[in-house]
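For reference, the structure discussed in these notes is given below.
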Amino acid sequence: MNERIPKTYDPASTERKWLSLSSKKKRISRPQGKPFSMTIPPPNITGRLHMGHALNITLQDVVARFRKMEGQDVLWIPGTDHAGIATQNVVERQLSKEGIALRSLTREEFVSRVWEWKDSIKSGILDQITRLGASLSWEHERFTMDAGFSRAVTEVFVRLYREGFLYRGERMIHWCPRCLTALSDVEVSYVEKNGTLYYVRYGESPGRDQGLVVATTRPETIFADQALAVNPEDARYQGWIGRKVFIPLIQREIPVIADSAVDPVFGTGVLKITPSHSMADWEIASRHGLPPFEIIDREGRMNEKAGPLKGLTREDAREKMVEELSARGFMEKEESSPSSLGVCYRCQTVIEPALSLQWFIRMKELAGPAIDAVRNGEIRFFPDGWKNTYYDWLENIRDWCVSRQIWWGHPIPAWHCESCRETVVDLSKPDRCPRCQSEKLLADPDVLDTWFSSALWPFVTLGWPEDTPDLQRFYPTSLLVTGFDILFFWVARMVMMGYHFTGKAPFRDVYIHALVRDQFGQKMTKSKGNVVDPLEIMDRYGTDAFRMTLVHMASPGRDIRLSTERVEGFRNFVSKIWNAFRYVERFAPGETRIPEVDERSLQGPANQWIMASLSKAVADMRRYFALYRFDEAANTLYHFTWHLYCDWFIEASKSVLDRPDDDPEKKETVRVLRFTGSVLLRMAHPVMPFVTGELWEILYSGEAPLEEQTFPDFPESSSKISGAVREFEAMMALVGDVRQMRSQLKITPTLEIQGELAVGHGARERYERHLAFLSRMARISLASLREGDVESRSGIRIPFADGALLLNLDGVVNLVDEEKRLTRELEKLNQKRASILARLKSREFREKAPPDVIEKDERLLEESGEEVQGLDSALAQVRRMIEKEGGH
RNA sequence: AGGCGGAUAGCUCAGUCGGUAGAGCACAGCUCUUACACAGCUGUUGUCGCGGGUUCGAUCCCCGCUCCGCCUACCA
């Protein structure tokens, strides 16, 4: 029967079809439209699609499609990030599988291996992103290591250097002994560990006599101590300041100094100072002129200065020290204590603070405009609360270590003169040293932090440093959608770089979404084994259902707990839509156009009502999209589609569509069904592009493709309509009452009840048109419509504002049950009335509450009074019937 | 230590610019009624975390507290 629409929706084949048609097709540019631009947060080229990407891309795609349907000129730039450390790790592992040691290759050989690897990964993350239906502007795809990007990075570095924002110096940095590179502050994450606090005695003589007891978590660094420190205010240790003590186990003497950074209540109030292996100690040491003393090498092993510990790993060295100290009587006690441990965010290896020669960017001055931009509203955060976190970080910003000791990345454009030690920074290698004219210039060995290039993403992808037409038209970008986890890594740095190099914000709005967790609220991690693969979900439930799930659950500031039951629910929703259109199709087979519908001339009550409801739903969706309330927009769509369109409108239409084809209301209803259907598809399209695209192609092939349609927009409903809508809603409520009664009195749904509608004088004409609807929806056979004389009619009575429905339930229903039911209803109603009445009686309420609130209460009281009357007479009627029956 | 967010029906979450609390899922009963059993109809459940305050009225605003999550910080 439904030749055009198959019985069930098959997401897999539909998606395959649409992806093969539309994937990576050219962007439709709309020169007359308002420009709207986004850049995706570039995923690592090593990455595989995970839930975070899926959420991120889906939300952007919803916005992109919505804006396109508003006629805007949408540019949404895809791309990937070269992910220095991660990529180097991947290729290194591959090499070692082939039995090739990294060091056996030259740097150039290694880098070309990485490029080979990059070209070889076919089903890369961007391909996986297309599975989501992402309507990206593919011809704008960029890579942070492509030629243009690399030139821009060099340009930025040189400019920053010349402006004095870049310097090279020896500082304490975070060192990853596995990745063998420096990391910036934000690349260290902290994990809570149950550590041990060791109380170690430092004697006044090399033996274990009188001395100071130090509480430390790192006994393996004891041989690198340069002092002990106490708080200058600490009464206990006043006499010790300026004296000397011996490092346990060896004969080295160190001073006792006073520094206010020492917390007197922690441990014993005595701190050992290890300048080379602790950030905090380094600061104290520099205040007191203590020299560095390194005993741990770059791979995390103890060096020759560590004496007996030489060659051991940090862990083994600690164990050995603890043994020795205990054996020789220097260990006072051990006490377990929680401590946070810094680990590499890429490989989880414990970070070693180390003194090292690195490149840094001075951040303070760059942070100023970035703070101002948010403060004065030039950049807006959604949700707004994130700006506090943002300010906090920028206001306390520290210099950014941007050099990395790896091979894959943007080389630092600096050369060091072998003769005079001069450093030259330039766009390309200079011929000779500008200071001593030597030609012996060595390229700086380091590469730049990947985030250095990512920070330039919004403007470099648009062509900077050239002043391209794209840059002029699409910069600043309109919206950035990202996760809060890279607020500092990426967002804040883009703002700083954006203002510094373009004088403008890189984006207007920042939408920050939450984390996708598992159904129990746990973070998805490989080690927990609770990772859900988005591709599998899409295979199983369809992409539209998956997208709808993510969008619906994207409430601001709240993590998403993804459960397959949820996705299943939305798969059902997609299926519901599909079936609704199969119904529509049945009554207008072969149609290809959208019919004209003039809301003001509509006659059918259901038609008037659905148009009004639709216009409200559309307005709500528009409002929610503007506020980035994706969850509410999805909710509106869901509710309208399922509960209004399917549950009421389609059902109501059945009472009209069984009439002869030339019935005017039938004709109107078919037109409205097809029209509202077309609107529904347009509304749903940004969230569910596949199923809507497919249905549109089948049902509205005479129109332009759905992607080129505009998002619906309706004028406010007229007041004439709103009166009709209220009346129809009263009829819906009446249907609800009958159904409720039927269910409570256990009347089987298949039984058609005989009945009649009795309405007040003059209301006959108005209610005549609702008879078919009431009949069908409440499953009653309405023999007649009576005007006036409502009270005297017999039968079970379901009251409503203008009259009552009278049902003949002789022999079907236990009248005593009905009496009980009515009594219960009446009780509930009276309870409600009592609270309103109490409020209205209160003098204070009458004096102080606003008039509209009082009015509303009065209206409520009056209406419920009518309801009580209706129920009362229904009850009286039932009682009379009981009596009569009893009399038989 | 500081900051942020959360605490609402069995579960997951909306919401109320302060005026009788609402969805989905789950559960129960009934139903193959012109698309849909991936469905329809009906129903049940809430001291809106605890204690104060402001107010005619607080689940919503203010203060304090408890628990949970996250972020930041040089707790050795």
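On a predicted model such as this, the values are computed, not experimentally measured, just so you know.
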Problem set entry | Interatomic distance, A/Asp559 CG vs B/rG5 C1' [rounded to whole Å] | 9 Å
Exercise. Could you give the CD-to-C1' distance, from A/Gln744 to B/rC30, as a whole number of Å?
Worked result: 13 Å
Exercise. How many Å lie between CG on A/Leu515 and P on B/rC70, as a whole number?
Worked result: 10 Å
Problem set entry | Ring centre gap for A/Trp386 and A/Phe381 strictly below 6.0 Å | no
Exercise. Checking all strands, does A/Pro850 fall into the base, sugar-phosphate, or nothing category for heavy-atom contacts under 4.0 angstrom?
Worked result: base
Exercise. With sugar-phosphate meaning primed atoms plus P, OP1 and OP2, does A/Ile273 contact a base, only sugar-phosphate, or nothing at under 4.0 Å between heavy atoms?
Worked result: nothing
Exercise. Side chains of A/Lys272 and A/Thr221: is there a donor and an acceptor less than 3.5 Å apart?
Worked result: yes
For this session: State the pairing partner of B/rU20; accept Watson-Crick or G-U wobble contacts with both distances under 3.5 Å, and report none otherwise.
Result: none
Problem set entry | Most 5' of A/Met553 and A/Pro749 on RNA chain B, judged by nearest nucleotide | A/Met553
For this session: Check the side chains of A/Ser555 and A/Asp631 for a donor-acceptor pair under 3.5 angstrom, ignoring hydrogens and angles.
Result: yes
Problem set entry | Proximal nucleotide (of B/rG19, B/rU12, B/rC36) relative to the A/Arg566 side chain | B/rU12
For this session: Starting at atom CG of A/Asp658, determine the distance to atom P of B/rU34, rounded to an integer number of angstrom.
Result: 10 Å
Exercise. Parallel under 30°, tilted from 30 to 60°, perpendicular over 60°: which one fits the rings of A/Tyr638 and A/His552?
Worked result: tilted
Exercise. The side chain of A/Arg629 lies closest to which of these nucleotides: B/rG15, B/rC30, B/rU42?
Worked result: B/rG15
For this session: Rounded to the nearest angstrom, tell me the gap between atom CG in A/Leu394 and atom P in B/rU72.
Result: 13 Å
Problem set entry | Between B/rA37 and B/rC11 - C1' atom distance, rounded Å | 24 Å
Problem set entry | Distance between P atoms of B/rU47 and B/rU66 (Å, rounded) | 23 Å
For this session: If the plane angle is over 60° it's perpendicular, under 30° parallel, otherwise tilted; pick one for A/Phe649 and A/Tyr645.
Result: tilted
Exercise. What residue among A/Lys832, A/Arg833, A/Arg839 forms salt bridge (charged side-chain N to carboxylate O under 4.0 Å, His left out) with A/Asp857?
Worked result: A/Arg839
Exercise. Hey, does the side-chain of A/Arg586 have a donor or acceptor N/O within less than 3.5 Å of a partner on the base of B/rU34?
Worked result: no
Problem set entry | Interatomic distance at C1', B/rC71 relative to B/rU54, whole Å | 33 Å
Exercise. How is A/Arg571 classified with respect to the nucleic acid when contacts are heavy atoms under 4.0 Å: base, sugar-phosphate, or nothing?
Worked result: base
For this session: Report yes if a donor N or O on one partner sits less than 3.5 Å from an acceptor N or O on the other, where the partners are the side chain of A/Glu632 and the base of B/rA23; otherwise report no.
Result: no
Exercise. Using a cut-off of 4.0 Å on non-hydrogen atoms, how would the nucleic acid contact of A/Phe573 be classed: base, sugar-phosphate, or nothing?
Worked result: nothing
For this session: Calculate the interatomic distance between A/Leu644 atom CG and B/rA23 atom C1'; express it in whole Å.
Result: 13 Å
Exercise. What nucleic acid atoms does A/Arg833 come within less than 4.0 Å of, heavy atoms only: base, sugar-phosphate, or nothing?
Worked result: nothing
For this session: Could you check whether A/Ile836 gets within reach of a base, just the sugar-phosphate, or nothing at all, counting any heavy atom under 4.0 Å?
Result: nothing
Problem set entry | Separation of the C1' atoms in B/rG18 and B/rC4, to the nearest angstrom | 25 Å
Exercise. Taking atom C1' in both B/rU16 and B/rU59, what distance in whole Å separates the two?
Worked result: 8 Å
Exercise. Mapping A/Lys654 and A/Pro556 onto RNA chain B by nearest heavy atom, which one lands closer to the 5' end?
Worked result: A/Pro556
For this session: Write down the distance separating the C1' atoms in B/rC63 and B/rG22, rounded off to the nearest Å.
Result: 30 Å
Problem set entry | Gap in Å between the two C1' atoms, one belonging to B/rU20 and one to B/rC60, rounded | 15 Å
Exercise. When all nucleic acid strands are considered with a 4.0 Å heavy-atom cut-off, which category describes A/Arg776: base, sugar-phosphate, or nothing?
Worked result: base
For this session: Using the C1' atoms only, state how far B/rU8 lies from B/rA58, rounded to an integer number of Å.
Result: 14 Å
Exercise. Just how far, in rounded Å, is P of B/rC71 from OH of A/Tyr391?
Worked result: 22 Å
Exercise. What is the nucleic acid contact for A/His277, judged by heavy atoms within less than 4.0 Å: base, sugar-phosphate only, or nothing?
Worked result: nothing
Exercise. Counting side-chain heavy atoms from CB outward, which of B/rG19, B/rU72, B/rA39 is closest to A/Asp392?
Worked result: B/rU72
Exercise. How about A/Tyr624 and A/Phe630: are their ring centres within less than 6.0 Å of each other?
Worked result: no
Exercise. Base, sugar-phosphate, or nothing for A/Ser555, non-hydrogen atoms under 4.0 angstrom?
Worked result: sugar-phosphate
Exercise. When all nucleic acid strands are considered with a 4.0 Å heavy-atom cut-off, which category describes A/Gln740: base, sugar-phosphate, or nothing?
Worked result: sugar-phosphate
Problem set entry | Sugar-phosphate, base or nothing in reach of A/Arg218, heavy atoms under 4.0 Å | nothing
Exercise. Between A/Phe489 and A/Tyr345, does the ring centre distance come in under 6.0 Å?
Worked result: yes
For this session: Starting from C1' on B/rA35, measure out to CG on A/Asp647 and report it in whole angstrom.
Result: 13 Å
